[in-house]
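In what follows, a structure is listed as structure tokens, so that the remarks can point back to it.
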Amino acid sequence: NLRNGGAGILASAVKGCASVNEIKLTSCNVDDDILVEFVLGIRALKQLRTLDLSGNHFWRAGCKALATLLADNDGNLEYLGLRDNSRIDNNCANILAKSLTYNRKLKLLLLSDNSAITHRGWDAFSAVLCNTSSVNNTYLSNHTLHSFGNVNLPPKLSVLLEVNFVAGNKGAAIRKILLHHAHLDMTPFHVQWDLKALPFAVNWFDKARGYAQNEDESNINSRKLTAVYQFARAMPMLFVPPPSKM
């Protein structure tokens, strides 16, 4: 029984085993109070890779506690099972999604059989997996998470998860930039670094060609030439050859 201090006792016992890498508390009547107390006790377990809490009854306070684990840069959690918890709703989804903004470890967040999560909740995860507000924010998006389990997801979110799974961290970032930013503004680069940034820009497009699954080579080349043109237009005197001496 995890009530009446049982969660704290269990967490204290586990805390003394620094090498613990898997904890399963499925269908144990875990509610918010129990989970908050339990998470406080296991935050020091930096070797923990798997945490399965499926079939329980916690809500927003419990999800906020889990969010502290996911937002911990020193954590190594790769699998979080939250299946079959009818109290997990859109607000909980939003809490969990925000905690994944800078998470680079979690690969599986199993949320099947949580019918209270609707399109709005899934959209929160889409925004974290691909923030399209700028190229830099797209680059800094989550490129690690690749599965929510057996869930009927919105098409956009399914595509983003597949990109993460197939392309890996670096490839996913490049792929998402190509998908969501048709025009790459070179202004910040040539303003700050002049022509020194041009080779890096050209090299980026050459690397991107390997991740452009649905874009033909001519399209990548066209976008590369557009970038070069932006440098040339911003600094024309550096591209025009000097007049020949008579």
Legend entry - Whether over 12 other heavy atoms sit under 6.0 Å from Lys98 NZ: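 It does not: Lys98 NZ has 12 such atoms or fewer within range.
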Inset, instruction - Answer yes or no: does atom OH of Tyr79 have more than 12 heavy-atom neighbours from other residues, nucleotides or ligands under 6.0 Å? - result: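 Enclosed.
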Hphob cluster co-occupancy, [X] + [Y], side-chain heavy atoms under 4.5 angstrom:
| X | Y | result |
| --- | --- | --- |
| Leu145 | Val128 | yes |
| Val36 | Ile88 | no |
| Trp59 | Leu35 | no |
| Ile117 | Leu53 | yes |
| Leu140 | Leu178 | yes |

Inset, instruction - Going by the side-chain hydrogen bond (donor to acceptor under 3.5 Å, both in side chains) test, name the single residue among Asn21, Asp72, Asp74 that passes it with Lys46. - result: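 Single pass found, and it is Asp72.
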Any idea which heavy atoms bring [X] and [Y] closest together, and the distance?
| X | Y | value |
| --- | --- | --- |
| His143 | Ala173 | NE2-CB, 3.5 Å |
| Cys17 | Leu45 | O-CD2, 3.6 Å |
| Leu129 | Leu157 | CD2-CD1, 4.0 Å |
| Leu96 | Cys63 | CD2-O, 4.0 Å |
| Glu22 | Leu48 | N-CD1, 3.7 Å |
| Arg104 | Leu100 | NH1-O, 4.4 Å |

Quick one: are [X] and [Y] in side-chain contact, heavy atoms under 4.5 Å?
| X | Y | value |
| --- | --- | --- |
| Leu80 | Thr50 | no |
| Lys176 | Leu160 | yes |
| Thr101 | Asn131 | no |
| Leu110 | Leu82 | no |
| Ile177 | Ile174 | no |
| Phe125 | Asn94 | no |
| Trp122 | Leu111 | yes |
| His57 | Asn29 | yes |

[X] bridged to [Y] by N-O distance under 4.0 Å:
| X | Y | value |
| --- | --- | --- |
| Arg60 | Asp89 | yes |
| Arg83 | Asp52 | yes |
| Lys156 | Asp123 | no |

Inset, instruction - Show your reasoning for whether side-chain contact (heavy atoms from CB on, under 4.5 Å) applies to His180 and Cys130. - result: CA-CA 9 Å; His180 297 282; Cys130 189; 3.4 Å; yes
Inset, instruction - Could I get the full list of salt bridge (Lys or Arg N to Asp or Glu O under 4.0 Å) partners for Lys207, not counting sequence neighbours? - result: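 Once residues adjacent in sequence are excluded, Lys207 has no partner under the salt bridge (Lys or Arg N to Asp or Glu O under 4.0 Å) criterion.
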Taking atom [atom1] of [X] and atom [atom2] of [Y], what is their separation to the nearest 0.5 Å?
| X | Y | atom1 | atom2 | result |
| --- | --- | --- | --- | --- |
| Ile34 | Leu25 | CD1 | CG | 9.5 Å |
| Asp84 | Ser112 | CG | OG | 8.0 Å |
| His146 | Leu109 | NE2 | CG | 11.5 Å |
| Leu69 | Leu106 | CG | CG | 10.5 Å |
| Asn164 | Asn142 | CG | CG | 6.0 Å |

Legend entry - Sidechain-backbone polar pair: Asn56 side chain, Cys28 backbone, donor-acceptor under 3.5 Å: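 Answer holds: yes.
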Legend entry - Side chain Arg49, main chain Gln47, donor-acceptor under 3.5 Å: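 At least one qualifying donor-acceptor pair exists.
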Inset, instruction - Evaluate the side-chain contact (heavy atoms from CB on, under 4.5 Å) criterion for residues Leu108 and Glu78: first the C-alpha distance (whole Å), next the side-chain angles of each, then the deciding distance (0.1 Å), finally the verdict. - result: CA-CA 6 Å; Leu108 304 172; Glu78 298 178 353; over 6 Å; no
Legend entry - Thr138-His181 side chain donor-acceptor pair, cut-off 3.5 Å: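 Distance-only check passes for Thr138 and His181.
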Inset, instruction - Could you tell me whether the side chains of Ser134 and Asn136 share a donor-acceptor contact shorter than 3.5 Å? - result: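 Absent: no donor and acceptor within the cut-off.
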Inset, instruction - Take Asn90 and Thr118 through the test side-chain hydrogen bond (donor to acceptor under 3.5 Å, both in side chains) and record every step on the way to the result. - result: CA-CA 7 Å; Asn90 289 333; Thr118 68; 2.8 Å; yes
Inset, instruction - Could you walk me through whether Leu153 and Leu161 pass side-chain contact (heavy atoms from CB on, under 4.5 Å), step by step? - result: CA-CA 10 Å; Leu153 298 170; Leu161 291 171; 3.5 Å; yes
Legend entry - Evaluation steps, side-chain contact (heavy atoms from CB on, under 4.5 Å), between Leu66 and Phe58: CA-CA 11 Å; Leu66 290 173; Phe58 50 86; 4.0 Å; yes
